[in-house]
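What follows is one structure encoded as structure tokens, with my remarks underneath.
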Amino acid sequence: MAKPRKQFGETFLGRLWTGLTRSPAGFAGTVLVLAIVLFSFVGPLVIDQDNPTDTTQIWTSPSAEHWLGTQYEGKDTFTILVNSGAQPIWVGTLAALMAVFVAVTLGSIAGYFRGRIDAVLLQLTDVTVTIPQFLLMLAVVAFFEDIPPWGISIVVGATMWAFLFRSIRAQVMSLKEREFVEAARLQNLGPARIVFREILPNMAGFIFVNFVISVNQAIYAIVGLYVLGLMPSGTPNWGLMIHQSWGQNFYLNPVALPFVVAPLIMIVLFTIGLVTMGRGLDQALNPRLRER
């Protein structure tokens, strides 16, 4: 007999949409995040990429031709801003994916099997947590010169997983005592299937919300490395714009204000969007909050 088909509102995506639309702040945050993502990834495909150096147009004020004015080389600031958003977003997202994947995998193994495996992973987590996160990133980036963007995501992701590990472990330890897991054991489904087909789907909301939080943290870390001048300067990046503004004292020039403030505004707006979207997702996917 075929199982009855779930209504859209009963599915994961349905609960997600219902929770986000029920929370005005969460919905506004989601719209803001999507708008900035489109601005950063679709914008470069739409705008005119011809942005030559023009020494006669150095530090001009905003105008119809240059919406945010021009910068120290006479290049259009708005064009630079559009081209600078994609890298921190996709590198931060990749770093968050890696951190969440490692935390979920190791946390599930430790929480389900316990014993010696759990003790070893807990010791590894304790060691990782005691190392200052940002200092470790600084040391690795300084050691590997001209590190590529995907290498940055590995460095950032490798320093973030430990904080989520303990939460995943605790959730798995709680869920593995539930009746549906006992029923799966009686059917001899095997540990791998029980963990990945029975336990983890019930943690999807918790994992997804923590992924959003991890993206925010990763982007801050990546931008911070650029601001400190430790990353290659070949690719446009919001952090690189801030580094140039600070290192060359552009903030002292009133005409340079759009070049200085624009990347800061984009980062702050993206952060606000992620935070409010995360709260909306938590309300959408947390059963206790959905009942209120």
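Starting from 1, each residue takes its place in the sequence as its number.
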The ring-ring contact (aromatic ring centres under 6.0 Å, His included) partners of Phe250 (sequence neighbours excluded) come to Trp59, Tyr72
Sorted by chain and number, sequence neighbours left out, ring-ring contact (aromatic ring centres under 6.0 Å, His included) with Trp67 holds for Phe78
**Asked** Parallel, tilted or perpendicular: which describes the rings of Phe165 and Trp161, with under 30° parallel and over 60° perpendicular?
**Response** perpendicular
Shortest non-hydrogen pair, Ala86 vs Phe41, comes out as O-CZ, 3.6 Å
Scanning both residues in full, the closest heavy-atom pair of Ala221 with Val156 reads CB-CG1, 4.2 Å
Between the OG atom in Ser174 and the CD1 atom in Ile199, the distance rounded to the nearest 0.5 Å is 10.0 Å
Here the pair of heavy atoms bringing Gly92 nearest to Ala218 is O-CB, 3.5 Å
side-chain hydrogen bond (donor to acceptor under 3.5 Å, both in side chains) pairs touching residues 206-219, sequence neighbours excluded, are Asn216-Thr271
Smallest heavy-atom separation, Asn51 atom then Asp76 atom, equals OD1-N, 2.7 Å
- Message: Treating Ser153 as the side-chain partner and Trp150 as the backbone partner, does any N or O pair qualify as donor plus acceptor under 3.5 Å?
- Response: yes
Nearest heavy-atom approach of Ala162 to Thr125 is O-CG2, 3.6 Å
Smallest heavy-atom separation, Glu73 atom then Ile58 atom, equals C-CG1, 4.1 Å
